[in-house]
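Below you'll find the structure, written out as structure tokens, and then a few comments.
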Number of protein chains: 2
Amino acid sequence: MEHAGAIERPAILERMAAELRRSGLRPTRQRVELGRVLFAKGCRHISAEELRAEAAAAGVQVSLATVYNALHKFTEAGLLREVAIDSGRAYFDTNVSDHHHFFVEDEGQLIDLLGDVEIDNLPEPPEGMEITALELVVRVRRQT
Amino acid sequence: MEHAGAIERPAILERMAAELRRSGLRPTRQRVELGRVLFAKGCRHISAEELRAEAAAAGVQVSLATVYNALHKFTEAGLLREVAIDSGRAYFDTNVSDHHHFFVEDEGQLIDLLGDVEIDNLPEPPEGMEITALELVVRVRRQT
DNA sequence: ATTTGTGCAAATCGTTTGCATCTGA
DNA sequence: TCAGATGCAAACGATTTGCACAAAT
């Protein structure tokens, strides 16, 4: 049995730290904790404020500025994907693979669109432009 | 030749006023002028601040609150379509027909996507939800 | 030791709101 | 007349920034 001091970092955090290091990010205490909250539950869509609330609920208090900083760094590093749909609020998606979304109007909720949608007959981009991403948003509404 | 007083409204404004009335909107001086600026040049994508600047450049000074009010009323009336792509800024599209967009990253510019893109193999919306719109955004970047 | 991140509070940006005043039907 | 619009300024929510302090390499 290995030595377990009171300040030793649990294995899950150690793994998070390693992953951050692998992505070229300095594994600070805050980033490690935020990363754990973010990636613990599989794929999800979360806003900065929500992440902060979740972290706080888990006993990790970080400033909002740090949350934004971390989210942007994670995104740069390819660990997250930013989804800009709603004007006013930015969502970060832990699913960085190529996929689309349902967007529930009036609730601002994002849902991954499963299966592979086919998008054909796409026109050429304007002169001198190259396509960087295709984003399909299927707006939905709770039936009346 | 009909009487032409100094304060008579030019024909183009009269037509705008008629169109607003037809849409159930009270054709106030500000709305008529904003409508003229908006719809004079065919299809376009414009933000509130841009519209205000254009109006101002044309000698029409309106408060920003009124610009927002007008844009929203026009949208409700089906004269405009709101395009929410960039988080932070709302664009209004004078092309209300069913179509998609190129979004030029780093410039925040919207360009209509011509031709009819085919979107197939769309999954069912979640239980109790109905689709209200399909929005495809093709992100592009100026080639390096 | 040096670089990089953090926290806080203030600043910014786009948008909305409250309210007194004005205006079109 | 009078519901509905306007203008202004203040309120707002999300995000960013400046800067002194703290922590990671």
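Just so it is clear: chains get the letters A, B, ... in the order the sequence lines come, proteins before strands, and each one is counted from 1. Computed from a prediction, not measured in an experiment: that's the story for all the values here. Excluded from the calculations below are hydrogen atoms, water molecules and symmetry mates; all remaining heavy atoms, backbone and side chain alike, are included.
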message = Rounded to whole Å, how long is the line connecting atom CG of Leu13(A) with atom C1' of dA24(D)?
response = 16 Å

query = Do the side-chain N or O atoms of Arg29(A) get closer than 4.0 angstrom to the phosphate oxygens (OP1, OP2) of dT6(C)?
reply = no

inquiry  = Just the rounded figure in Å: distance from P of dA24(D) to CD of Glu14(A).
reply    = 12 Å

ask   = Atom CG of Leu20(A) and atom CZ of Arg15(A): how far apart are they, to the nearest 0.5 Å?
value = 13.0 Å

query = Choosing from dA25(C), dT25(D), dT6(D), which nucleotide comes nearest the side chain of Arg31(B)?
reply = dT6(D)

task = Any chance you could list the contact pattern along nucleotides 13-18 of chain D? Use B for base contacts, S for sugar-phosphate-only contacts and - for none, protein heavy atoms under 4.0 Å, 5' to 3'.
result = -SBBB-

Distance (rounded to the nearest 0.5 Å) between Leu110(B) CG and Ile85(B) CD1 = 4.5 Å

inquiry  = Is any side-chain heavy atom of Asp93(A) closer than 4.5 Å to one of Asp112(A)?
reply    = yes

inquiry  = Without decimals, in angstroms, what is the distance between Asn69(B) CG and dC19(C) P?
reply    = 17 Å

key: Rounded interatomic separation in angstrom, taking CG from Leu51(B) and P from dT15(C)   = 12 Å

Global bending angle along the helix from dA1(C)-dT25(D) to dA25(C)-dT1(D), which compares the axes of five pairs at either end, to 10 degrees = 30°

key: Under-4.0 Å salt bridge between Arg44(A) and Glu50(A)   = no

query = Side chain of Asp106(A), backbone of Arg141(A): donor and acceptor closer than 3.5 Å?
reply = no

request  = May I ask you to decide if Pro27(B)'s main-chain N or O and Arg21(B)'s side chain share a donor-acceptor pair within less than 3.5 Å?
outcome  = no

query = Please give, in whole Å, the distance from dA25(C) C1' to Leu25(B) CG?
reply = 14 Å

ask   = Within this structure, what is the CD-to-C1' distance between Glu33(B) and dG7(D), rounded to whole angstrom?
value = 17 Å

key: Atom pair distance, as rounded to whole Å: CG in Leu20(A) and P in dT6(C)   = 10 Å

inquiry  = Taking the side chain as everything from C-beta on, heavy atoms only, tell me whether Val138(B) gets closer than 4.5 Å to His100(B).
reply    = no

inquiry  = If the cut-off is 4.0 Å, is Gln30(B) near the phosphate of dG7(D), judged by side-chain N/O to OP1 or OP2?
reply    = yes

Separation of atom CZ in Arg52(B) from atom P in dT6(D), rounded to whole Å = 14 Å

request  = Determine the minimum heavy-atom distance between Val32(B) and Met16(B), stating which atoms define it.
outcome  = O-CG, 3.4 Å

task = Sorted by first residue and then second, give each ring-ring contact (aromatic ring centres under 6.0 Å, His included) pair with at least one member in residues 20-46 of chain A; sequence neighbours left out.
result = His45(A)-His101(A)

ask   = Between dG7(D) and Thr66(B), is there an OP1 or OP2 to side-chain N/O distance shorter than 4.0 Å?
value = yes

First of Val62(B) and Arg26(B) reached from the 5' end of DNA chain D, by closest nucleotide = Arg26(B)

